[in-house]
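First, the structure itself, so that you have it in front of you.
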Amino acid sequence: MTKQFYIYTFGCQMNVYDSDRLRDALIHNGWTLSSTPDTADLVVLNTCSVREKATDKVFSELGRIKKKKKDTTKIAVIGCVAKESGKEIYRRAPYVDYVYGPQAWHLLLHNLAKDFRDIDVDTHGVDKFDELPMATDTAAAAFVSIQEGCNHFCTYCIVPFTRGREVSRPFDKVMDEVRHLVKLGAIEINFLGQNVNNYQDDNGKNLADLVRETAKLDNVQRIRFTTSYPTCLTDELIDLYRTEPKLIPFIYLPIQAGGDKTLKRMNRRYTRDQYFAIIDKLKAANPNIQVSSDFIVGFPGESDADFEDTLDAVRRVRPIQSFSFKYSKRPHTGAALLPDQIDPDVAQDRLEKLQTLLKDIQREFNESCVGQKIKVLVEHVGRDNPNIIICRSENMQTVVLPKDESLIGKIIEVEITKANTTTLKGQLC
Ligand code: 5AD
Ligand code: SF4
């Protein structure tokens, strides 16, 4: 019987992408995917350390796996917790076999056959992608990682320490992967990177070049990119929202906080007015552009007035999707040393207020779509409800339709009949 593996994925879209690539590589090497970790011969945890809770989750999951696993099961902890905790993982969970940082997990493929423990948390750039086989299948909406790491050193963020400094994959290799995915049936390409709009390869090619080259492929109907840093959004890129109809009118552009004092202490390199000006430019390029954003509340020193600035910025920008978090103190980061850490109850209260406002805005926007005819990409059958199909609008809203599997992978026009905070209901036009 072939050996079976199971992968847990925590955290961001880049981890989802990495897990997919690892899954494909393991299958390529003769492994099969197990439906449960309990009987698997290899269990991989692809981890996130951006907030303390995310790290804690990994260790509690490891404890659960240990109780149920077979004696012979190998366990690998890969990704940002591996980088952050290193050998500490062996101390807290001595049954773990492999510990590989975000840029070293491809070593797992070489070392699985050997009977030893291995740890590598060094920074290897993006070489790992050269060692992986190409995907053998794809969803209609495909992801391509183009850039990793970050040079911004926002004072709350552990990413520059776990993913390392910014590195971009070569343009030609990215385009080879894009063409390959399109041949396999992808019609939407999502470029991924911690600072995706800062993509720059050694020959000077940038994200605008990638978008233009990808848009030339006939079968590609939608292009988007995640996550953008506000001041790295060049006029060249913004202009593509005017000139390139395949670039969908949606941008994930975290502001983090709405007050200048907090932004400065966070080492975000813009003021609230500069952020608003970028949004105005985007909307001038394409009035249909909608924004998604991240927010952190309870950052050290955040006063009531600073928090009000964040609420005010939300009312001004009206993000139609968002992720919002309480500040979490992370090792190595500048903010961990700042005075005036905020009382957890105050932070919780602020988070609830912020999320209420964000949800109201999201619901109002979704409700404004009722009665409209919009284009959606049909992605998959409902995971919890097999009688529906899940689609995505050009503004990245989730749209559900009655089940018709023949539509999966197609872009169709639907009329929106109902809406709530998270979901739109539609019918075929
Ligand atoms: N505490 C809380 N949220 C954080 N994020 C990053 N670091 C922290 C932290 N220390 C959030 C930011 C970022 C998202 C991925 O996670 O909002 O955009
Ligand atoms: Fe972290 Fe800031 Fe870099 Fe984003 S831009 S990964 S928040 S350091």
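Indexing begins at 1, ligand by ligand and atom by atom, following the structure's order. The structure presented is a predicted model; accordingly, all values stated were derived computationally and were not measured.
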Salt bridge present between Glu364 and Arg318 (N-O < 4.0 angstrom): yes
Note, Arg269 side chain near Tyr229 side chain (heavy atom, < 4.5 Å): yes
Proximal atoms of ligand 1 relative to Arg330 (non-hydrogen, under 4.0 Å): 10 (N)
Minimum-distance protein heavy atom relative to atom 6 (C) of ligand 1: Val50 CG2, 3.5 Å
Sum of protein N, O or S atoms, each under 2.8 Å from atom 3 (Fe) of ligand 2: 1
Residue and atom name of the nearest protein heavy atom (relative to atom 5 (N) of ligand 1), distance in Å to one decimal: Arg51 NH1, 3.4 Å
Side-chain donor-acceptor contact under 3.5 Å, Gln397 with Asn366: yes
Per-atom contacts of ligand 1 with Ile296, taking only distances under 4.0 Å to non-hydrogen atoms: 3 (N), 4 (C), 5 (N), 12 (C), 17 (O)
Atom 17 (O) of ligand 1 [closest protein heavy-atom partner, distance rounded to 0.1 Å]: Gln256 OE1, 2.7 Å
Distance-only side-chain donor-acceptor flag, Gln355 / Ser324, under 3.5 Å: yes
Carboxylate-amine/guanidinium proximity below 4.0 Å for Asp343 and Arg350: no
Which residue and heavy atom of the protein sit nearest atom 2 (C) of ligand 1, plus the separation: Lys326 O, 3.3 Å
Residues Arg316 and Asp312 bridged, charged N to O under 4.0 Å: no
Tyr100 and Asp118: side chain donor to acceptor below 3.5 Å: yes
Ligand-residue contact atoms, ligand 1 with Tyr327, heavy atoms, under 4.0 Å: 1 (N), 2 (C)
Top protein contact for atom 7 (S) of ligand 2, by heavy-atom distance: Tyr156 OH, 3.2 Å
Cation-pi geometry met for Arg265 and Phe299 (6.0 Å, 45°): no
Identity and separation of the nearest protein heavy atom to atom 10 (N) of ligand 1: Ser328 O, 2.7 Å
Ion pair Asp280/Lys283, N-O distance below 4.0 Å: no
Glu52 near ligand 1 by a heavy-atom separation under 4.0 Å: no
Closest protein heavy atom to atom 13 (C) of ligand 1, given as residue, atom name and distance to 0.1 Å: Asp294 OD2, 3.4 Å
Lys/Arg N to Asp/Glu carboxylate O, Arg21 vs Asp18, below 4.0 Å: no
Protein heavy atom at shortest distance from atom 4 (Fe) of ligand 2: Arg268 NH1, 4.3 Å
Residue pair Glu236 / Asn206, side-chain donor-acceptor N/O under 3.5 Å: yes
Residue pair Tyr275, Arg268: steps toward the side-chain contact (heavy atoms from CB on, under 4.5 Å) verdict: CA-CA 11 Å; Tyr275 182 90; Arg268 300 292 288 183; over 6 Å; no
Closest protein heavy atom (residue, atom, distance) for atom 7 (N) of ligand 1: Tyr156 CD1, 3.3 Å
